[in-house]
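Single-structure report; data block below.
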There are 2 protein chains.
Amino acid sequence: MYSQELLKGTLQTIVLSLLAENQRMYGYEITQHVKDKTAGEIQLTEGALYPTLHKLEAEGFLTTEKVSIGKRVRKYYSLTEVGNKQANDKVNEFRRFSETMNDLLNSFNPNPELQWLS
Amino acid sequence: MYSQELLKGTLQTIVLSLLAENQRMYGYEITQHVKDKTAGEIQLTEGALYPTLHKLEAEGFLTTEKVSIGKRVRKYYSLTEVGNKQANDKVNEFRRFSETMNDLLNSFNPNPELQWLS
DNA sequence: AATGATACATAAAACAATTAGGTATAAGCG
DNA sequence: CGCTTATACCTAATTGTTTTATGTATCATT
(Lines give C-alpha, C1' and ligand atoms only; values in the text may rest on other atoms or scores of the structure.)
Protein backbone atom coordinates (compact mmCIF):
# COMPACT_ATOMS: atom_id res chain seq x y z
CA MET A 1 0.00 0.00 0.00
CA TYR A 2 1.19 3.46 -0.89
CA SER A 3 0.83 6.38 1.41
CA GLN A 4 -2.59 7.56 0.44
CA GLU A 5 -1.48 11.09 -0.24
CA LEU A 6 -0.11 10.10 -3.63
CA LEU A 7 -3.55 8.91 -4.61
CA LYS A 8 -5.03 12.34 -4.19
CA GLY A 9 -6.14 13.80 -7.43
CA THR A 10 -6.00 10.48 -9.29
CA LEU A 11 -9.33 9.03 -8.29
CA GLN A 12 -11.33 10.56 -11.13
CA THR A 13 -8.68 9.46 -13.60
CA ILE A 14 -8.82 5.88 -12.34
CA VAL A 15 -12.60 5.70 -12.44
CA LEU A 16 -12.89 7.24 -15.88
CA SER A 17 -10.21 5.01 -17.38
CA LEU A 18 -11.73 1.83 -15.99
CA LEU A 19 -15.10 2.79 -17.39
CA ALA A 20 -13.55 3.54 -20.77
CA GLU A 21 -12.15 0.04 -20.70
CA ASN A 22 -15.21 -1.79 -19.45
CA GLN A 23 -18.26 0.10 -20.68
CA ARG A 24 -20.29 -0.62 -17.58
CA MET A 25 -19.25 -1.04 -13.94
CA TYR A 26 -20.73 -0.60 -10.50
CA GLY A 27 -19.06 0.97 -7.51
CA TYR A 28 -18.06 -2.08 -5.58
CA GLU A 29 -16.78 -3.69 -8.75
CA ILE A 30 -14.48 -0.72 -9.33
CA THR A 31 -12.90 -1.03 -5.89
CA GLN A 32 -12.26 -4.76 -6.41
CA HIS A 33 -10.96 -4.28 -9.91
CA VAL A 34 -8.41 -1.71 -8.79
CA LYS A 35 -7.38 -3.82 -5.84
CA ASP A 36 -6.87 -6.89 -8.03
CA LYS A 37 -5.07 -5.16 -10.86
CA THR A 38 -2.65 -3.41 -8.52
CA ALA A 39 -2.02 -6.40 -6.25
CA GLY A 40 -3.60 -4.50 -3.40
CA GLU A 41 -1.23 -1.54 -3.72
CA ILE A 42 -4.06 0.83 -4.49
CA GLN A 43 -7.27 0.50 -2.52
CA LEU A 44 -10.13 2.86 -3.08
CA THR A 45 -12.23 3.63 -0.06
CA GLU A 46 -15.97 3.75 -0.48
CA GLY A 47 -16.17 7.08 1.28
CA ALA A 48 -14.11 8.57 -1.50
CA LEU A 49 -15.47 6.56 -4.40
CA TYR A 50 -19.20 7.09 -4.09
CA PRO A 51 -19.06 10.86 -3.78
CA THR A 52 -16.74 10.92 -6.80
CA LEU A 53 -19.12 8.81 -8.87
CA HIS A 54 -22.00 11.09 -7.93
CA LYS A 55 -19.95 14.11 -8.83
CA LEU A 56 -18.92 12.74 -12.20
CA GLU A 57 -22.54 11.92 -12.89
CA ALA A 58 -23.67 15.41 -11.92
CA GLU A 59 -21.06 16.83 -14.26
CA GLY A 60 -22.43 14.82 -17.14
CA PHE A 61 -19.54 12.41 -17.57
CA LEU A 62 -21.44 9.35 -16.38
CA THR A 63 -24.92 7.91 -16.68
CA THR A 64 -26.43 5.27 -14.44
CA GLU A 65 -28.80 2.37 -14.72
CA LYS A 66 -30.12 0.33 -11.86
CA VAL A 67 -30.17 -3.43 -12.21
CA SER A 68 -31.87 -5.80 -9.79
CA ILE A 69 -29.81 -8.76 -8.66
CA GLY A 70 -32.19 -10.80 -6.55
CA LYS A 71 -33.41 -8.35 -3.96
CA ARG A 72 -30.42 -6.08 -4.29
CA VAL A 73 -30.15 -3.14 -6.61
CA ARG A 74 -26.88 -2.57 -8.35
CA LYS A 75 -26.07 0.79 -9.83
CA TYR A 76 -24.13 0.59 -13.05
CA TYR A 77 -22.16 3.52 -14.35
CA SER A 78 -21.28 4.18 -17.99
CA LEU A 79 -19.40 6.94 -19.74
CA THR A 80 -21.28 9.52 -21.73
CA GLU A 81 -19.73 10.81 -24.92
CA VAL A 82 -18.29 13.77 -23.06
CA GLY A 83 -17.15 11.39 -20.35
CA ASN A 84 -15.27 9.36 -22.89
CA LYS A 85 -13.37 12.41 -24.03
CA GLN A 86 -12.74 13.34 -20.42
CA ALA A 87 -11.33 9.87 -19.78
CA ASN A 88 -8.86 10.32 -22.60
CA ASP A 89 -7.87 13.77 -21.43
CA LYS A 90 -7.37 12.70 -17.84
CA VAL A 91 -5.34 9.63 -18.71
CA ASN A 92 -3.12 11.58 -21.07
CA GLU A 93 -2.66 14.29 -18.52
CA PHE A 94 -1.61 11.78 -15.90
CA ARG A 95 0.89 10.23 -18.26
CA ARG A 96 2.41 13.57 -19.09
CA PHE A 97 2.49 14.47 -15.43
CA SER A 98 4.21 11.29 -14.35
CA GLU A 99 6.81 11.73 -17.07
CA THR A 100 7.51 15.27 -15.96
CA MET A 101 7.75 14.20 -12.34
CA ASN A 102 10.04 11.32 -13.13
CA ASP A 103 12.31 13.61 -15.14
CA LEU A 104 12.39 15.99 -12.22
CA LEU A 105 13.18 13.22 -9.75
CA ASN A 106 15.67 11.48 -11.99
CA SER A 107 18.25 14.24 -11.64
CA PHE A 108 18.76 12.84 -8.21
CA ASN A 109 19.73 9.23 -7.84
CA PRO A 110 18.59 7.98 -11.23
CA ASN A 111 16.41 4.92 -11.00
CA PRO A 112 18.81 1.96 -10.98
CA GLU A 113 16.43 0.00 -13.16
CA LEU A 114 16.75 2.60 -15.89
CA GLN A 115 20.54 2.92 -15.78
CA TRP A 116 21.04 0.84 -18.90
CA LEU A 117 19.19 3.47 -20.90
CA SER A 118 21.97 6.00 -20.61
CA MET B 1 0.40 23.61 -16.66
CA TYR B 2 -1.24 20.54 -15.28
CA SER B 3 -4.46 20.62 -13.37
CA GLN B 4 -3.12 21.21 -9.91
CA GLU B 5 -4.92 18.28 -8.37
CA LEU B 6 -2.32 15.86 -9.67
CA LEU B 7 0.32 17.74 -7.76
CA LYS B 8 -1.34 16.97 -4.46
CA GLY B 9 0.73 14.68 -2.35
CA THR B 10 3.89 15.18 -4.39
CA LEU B 11 5.12 18.43 -2.88
CA GLN B 12 7.16 16.84 -0.10
CA THR B 13 8.69 14.42 -2.58
CA ILE B 14 9.72 17.24 -4.89
CA VAL B 15 11.24 19.32 -2.12
CA LEU B 16 13.12 16.42 -0.58
CA SER B 17 14.51 15.21 -3.90
CA LEU B 18 15.73 18.67 -4.91
CA LEU B 19 17.49 19.06 -1.59
CA ALA B 20 19.07 15.64 -1.96
CA GLU B 21 20.42 16.81 -5.27
CA ASN B 22 21.55 20.27 -4.24
CA GLN B 23 22.58 20.10 -0.60
CA ARG B 24 21.35 23.60 0.17
CA MET B 25 18.45 25.60 -1.22
CA TYR B 26 16.13 28.39 -0.16
CA GLY B 27 12.40 28.56 -0.73
CA TYR B 28 12.24 30.91 -3.64
CA GLU B 29 15.06 29.04 -5.32
CA ILE B 30 13.06 25.83 -5.12
CA THR B 31 10.06 27.35 -6.87
CA GLN B 32 12.25 28.69 -9.69
CA HIS B 33 14.18 25.47 -10.03
CA VAL B 34 11.01 23.42 -10.43
CA LYS B 35 9.56 25.90 -12.87
CA ASP B 36 12.71 25.87 -15.00
CA LYS B 37 13.26 22.13 -14.97
CA THR B 38 9.66 21.39 -15.94
CA ALA B 39 9.36 24.12 -18.56
CA GLY B 40 6.73 25.80 -16.44
CA GLU B 41 4.52 22.72 -16.29
CA ILE B 42 4.83 22.48 -12.55
CA GLN B 43 4.66 25.66 -10.51
CA LEU B 44 4.80 25.55 -6.77
CA THR B 45 2.82 28.21 -4.97
CA GLU B 46 4.44 29.87 -1.99
CA GLY B 47 1.37 29.33 0.14
CA ALA B 48 1.94 25.62 -0.24
CA LEU B 49 5.72 25.59 -0.21
CA TYR B 50 6.54 27.51 2.94
CA PRO B 51 4.19 25.59 5.23
CA THR B 52 5.62 22.38 3.79
CA LEU B 53 9.19 23.46 4.46
CA HIS B 54 8.27 24.38 8.03
CA LYS B 55 6.57 21.07 8.50
CA LEU B 56 9.51 19.07 7.16
CA GLU B 57 11.78 21.04 9.47
CA ALA B 58 9.54 20.38 12.47
CA GLU B 59 9.61 16.69 11.63
CA GLY B 60 13.39 16.68 11.67
CA PHE B 61 13.99 16.15 7.97
CA LEU B 62 15.43 19.60 7.34
CA THR B 63 17.70 22.07 9.09
CA THR B 64 17.97 25.76 8.33
CA GLU B 65 20.62 28.41 8.31
CA LYS B 66 20.03 32.07 7.72
CA VAL B 67 22.35 33.92 5.38
CA SER B 68 22.40 37.68 4.91
CA ILE B 69 22.42 38.92 1.35
CA GLY B 70 22.81 42.67 1.69
CA LYS B 71 19.90 43.66 3.91
CA ARG B 72 17.88 40.59 3.08
CA VAL B 73 17.91 37.35 4.97
CA ARG B 74 17.78 34.16 3.03
CA LYS B 75 16.78 30.95 4.72
CA TYR B 76 18.64 27.94 3.44
CA TYR B 77 17.32 24.44 3.95
CA SER B 78 19.40 21.27 4.05
CA LEU B 79 18.57 17.62 4.57
CA THR B 80 19.35 15.97 7.86
CA GLU B 81 20.50 12.38 7.83
CA VAL B 82 16.96 11.21 8.44
CA GLY B 83 15.80 13.62 5.78
CA ASN B 84 18.15 12.05 3.29
CA LYS B 85 16.68 8.66 3.94
CA GLN B 86 13.20 10.12 3.69
CA ALA B 87 14.09 11.65 0.32
CA ASN B 88 15.10 8.24 -0.97
CA ASP B 89 11.97 6.61 0.36
CA LYS B 90 9.66 9.24 -1.05
CA VAL B 91 11.25 9.23 -4.48
CA ASN B 92 11.17 5.46 -4.68
CA GLU B 93 7.60 5.41 -3.53
CA PHE B 94 6.59 7.87 -6.21
CA ARG B 95 8.34 5.83 -8.87
CA ARG B 96 6.59 2.67 -7.78
CA PHE B 97 3.30 4.50 -7.61
CA SER B 98 3.58 5.98 -11.08
CA GLU B 99 4.46 2.59 -12.51
CA THR B 100 1.45 1.02 -10.84
CA MET B 101 -0.80 3.79 -12.07
CA ASN B 102 0.50 3.58 -15.60
CA ASP B 103 -0.03 -0.16 -15.63
CA LEU B 104 -3.56 0.38 -14.45
CA LEU B 105 -4.23 3.03 -17.07
CA ASN B 106 -2.49 1.18 -19.86
CA SER B 107 -5.19 -1.47 -20.08
CA PHE B 108 -7.24 1.19 -21.73
CA ASN B 109 -5.91 2.90 -24.83
CA PRO B 110 -2.27 1.99 -24.36
CA ASN B 111 0.07 4.92 -24.68
CA PRO B 112 0.91 5.11 -28.40
CA GLU B 113 4.48 6.00 -27.54
CA LEU B 114 4.92 2.70 -25.74
CA GLN B 115 3.29 0.50 -28.38
CA TRP B 116 6.60 -0.75 -29.73
CA LEU B 117 7.30 -2.38 -26.39
CA SER B 118 4.65 -5.05 -26.89
C1' DA C 1 -26.51 -18.05 14.38
C1' DA C 2 -22.59 -15.63 13.32
C1' DT C 3 -19.27 -13.94 10.21
C1' DG C 4 -17.57 -12.10 6.08
C1' DA C 5 -18.49 -10.61 1.58
C1' DT C 6 -21.39 -7.86 -1.38
C1' DA C 7 -23.47 -3.28 -2.22
C1' DC C 8 -25.19 1.06 -1.55
C1' DA C 9 -24.78 5.63 0.99
C1' DT C 10 -23.72 9.94 3.96
C1' DA C 11 -21.69 13.02 7.53
C1' DA C 12 -18.01 14.78 10.54
C1' DA C 13 -13.32 15.44 10.79
C1' DA C 14 -8.72 15.85 9.05
C1' DC C 15 -5.63 17.58 5.81
C1' DA C 16 -3.47 19.85 1.95
C1' DA C 17 -3.49 23.32 -1.26
C1' DT C 18 -5.39 27.62 -3.22
C1' DT C 19 -6.34 32.19 -2.83
C1' DA C 20 -5.43 36.32 -1.04
C1' DG C 21 -3.20 39.06 1.58
C1' DG C 22 1.02 41.20 4.08
C1' DT C 23 6.06 42.99 4.50
C1' DA C 24 10.39 44.38 2.56
C1' DT C 25 14.70 44.74 -0.43
C1' DA C 26 16.83 44.96 -5.00
C1' DA C 27 17.09 45.73 -9.94
C1' DG C 28 15.82 47.67 -14.33
C1' DC C 29 13.76 51.10 -17.17
C1' DG C 30 11.77 55.23 -19.09
C1' DC D 1 13.12 59.80 -9.86
C1' DG D 2 9.26 56.92 -9.75
C1' DC D 3 7.26 52.72 -11.43
C1' DT D 4 7.29 47.99 -12.20
C1' DT D 5 9.13 43.53 -11.80
C1' DA D 6 11.78 40.27 -9.43
C1' DT D 7 13.47 38.57 -5.22
C1' DA D 8 12.31 36.69 -0.63
C1' DC D 9 9.99 35.71 3.37
C1' DC D 10 5.40 34.64 5.74
C1' DT D 11 0.36 33.55 7.40
C1' DA D 12 -4.78 33.13 7.54
C1' DA D 13 -9.25 32.01 5.62
C1' DT D 14 -11.40 29.38 2.42
C1' DT D 15 -11.93 25.49 -0.48
C1' DG D 16 -11.90 20.84 -1.72
C1' DT D 17 -10.73 15.95 -1.29
C1' DT D 18 -10.07 12.13 1.39
C1' DT D 19 -10.34 9.52 5.62
C1' DT D 20 -12.79 7.80 9.26
C1' DA D 21 -16.85 6.44 11.07
C1' DT D 22 -21.27 5.05 10.66
C1' DG D 23 -25.60 3.21 8.74
C1' DT D 24 -28.55 -0.05 6.06
C1' DA D 25 -29.39 -4.39 3.82
C1' DT D 26 -28.75 -8.88 1.14
C1' DC D 27 -26.32 -13.15 0.37
C1' DA D 28 -23.09 -17.01 1.17
C1' DT D 29 -20.49 -19.82 4.17
C1' DT D 30 -19.40 -22.15 8.37
Side-chain angles (χ1 to χ4, degrees), chain A residues 1-16 18 24-36 40 42-59 61-77 90 94 97 101, chain B residues 1-16 18 24-36 40-59 61-62 64-77 90 94 97 101:
Chain A
M1 275 290 277
Y2 302 114
S3 69
Q4 295 308 97
E5 49 194 291
L6 282 179
L7 219 41
K8 285 167 200 264
T10 62
L11 185 51
Q12 283 197 15
T13 307
I14 290 172
V15 168
L16 289 168
L18 288 185
R24 203 175 88 155
M25 297 182 92
Y26 54 97
Y28 186 78
E29 190 184 9
I30 293 174
T31 65
Q32 299 308 304
H33 203 90
V34 169
K35 194 172 149 192
D36 291 348
I42 296 178
Q43 291 193 35
L44 308 185
T45 60
E46 297 185 315
L49 178 63
Y50 287 112
T52 295
L53 286 171
H54 300 159
K55 198 186 164 200
L56 288 172
E57 188 186 2
E59 288 170 335
F61 297 128
L62 305 182
T63 45
T64 57
E65 50 180 322
K66 289 180 178 167
V67 176
S68 290
I69 306 292
K71 281 185 183 175
R72 273 194 215 153
V73 177
R74 237 182 231 169
K75 206 166 158 189
Y76 278 97
Y77 291 86
K90 282 286 192 181
F94 182 84
F97 173 73
M101 274 293 291
Chain B
M1 275 289 280
Y2 302 113
S3 71
Q4 295 307 98
E5 50 194 288
L6 282 179
L7 219 42
K8 286 166 197 265
T10 61
L11 186 50
Q12 283 197 15
T13 307
I14 291 172
V15 168
L16 290 167
L18 288 184
R24 202 175 88 155
M25 296 181 94
Y26 53 98
Y28 187 78
E29 191 184 7
I30 293 175
T31 63
Q32 299 309 304
H33 202 90
V34 170
K35 194 172 149 193
D36 291 348
E41 300 247 58
I42 295 177
Q43 291 193 35
L44 307 185
T45 60
E46 297 186 316
L49 178 62
Y50 287 112
T52 295
L53 286 170
H54 301 158
K55 198 187 166 201
L56 288 172
E57 188 186 2
E59 289 171 334
F61 297 129
L62 305 182
T64 57
E65 50 180 322
K66 289 181 178 166
V67 176
S68 290
I69 307 291
K71 282 183 180 174
R72 275 195 213 151
V73 178
R74 238 183 230 166
K75 207 165 157 189
Y76 278 97
Y77 291 87
K90 282 286 192 181
F94 182 84
F97 172 73
M101 274 294 290

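Proteins get letters first, then strands, A, B, ... in listed order; numbering begins at 1 in each.
Distances from the side chain of A:K55 to the nucleotides D:dT18, C:dA17, D:dT17 place D:dT17 closest. Comparing atom distances between the A:T45 side chain and each of C:dA7, D:dT19, D:dT18 picks out D:dT19 as nearest. Distances were taken from every side-chain heavy atom of A:Y26 (C-beta onward) to each of C:dA7, C:dT19, D:dA8; the shortest belongs to C:dA7. Of the candidate nucleotides C:dA9, D:dT11, C:dT25, C:dT25 has the atom lying nearest to any side-chain atom of B:K71. Candidate nucleotides C:dT6, D:dT26, C:dA9 were compared by shortest atom distance to the side chain of A:Y50, and C:dA9 ranks first. Residue B:Y28 has its side chain nearest to D:dA6 when only D:dT18, D:dA6, C:dA7 are considered.
If you take CG of B:L49 and P of C:dT18, they are 11 Å apart, rounded to a whole angstrom. Separating the CD atom of A:Q43 from the C1' atom of D:dT20 is a distance of 15 Å, rounded to the nearest angstrom. In this structure, the CG atom of B:L44 is 16 Å from the P atom of C:dA16, given to the nearest Å. Distance, B:E46 CD to D:dA13 P: 19 Å, rounded to whole Å. Rounded to an integer number of Å, the gap from A:Y77 OH to C:dA9 C1' is 10 Å. Following rounding to the nearest Å, B:L7 (CG) and C:dT19 (P) show an atom-to-atom distance of 12 Å. Atom NZ of B:K66 and atom P of D:dA8 are 16 Å apart (whole Å). Atom CD1 in A:I69 sits about 11 Å away from atom C1' in C:dT6, given to the nearest Å.
Counting non-hydrogen atoms under 4.0 angstrom, B:G47 reaches a base of the nucleic acid.
Here A:Y28 contributes atom OH and A:L49 contributes atom CG; the two are 12.0 Å apart, rounded to the nearest 0.5 Å. In this structure, OH in B:Y76 is found 9.5 Å from CE in B:M25, a value given to the nearest 0.5 Å.
For the pair A:L53/A:I30, a side-chain contact is recorded, criterion being any heavy-atom separation below 4.5 Å from C-beta on. Residues A:F61 and A:K55 form no side-chain contact, since every pair of their non-hydrogen atoms from C-beta on lies 4.5 Å or further apart.
For D:dT7, its base sits under 3.5 Å from the side chain of B:R72 at one donor and acceptor pair at least.
Distances shorter than 4.0 Å separate some side-chain N or O of A:H54 from OP1 or OP2 on C:dT10. At the phosphate of D:dT19, neither OP1 nor OP2 sits under 4.0 Å from any side-chain N or O atom of A:K8.
Heavy-atom distances to DNA chain D give each of B:R74 and A:G9 a nearest nucleotide, and the one nearer the 5′ end belongs to B:R74.
Between A:L7 and A:Q43, the shortest heavy-atom contact is CD2-O, 4.4 Å.
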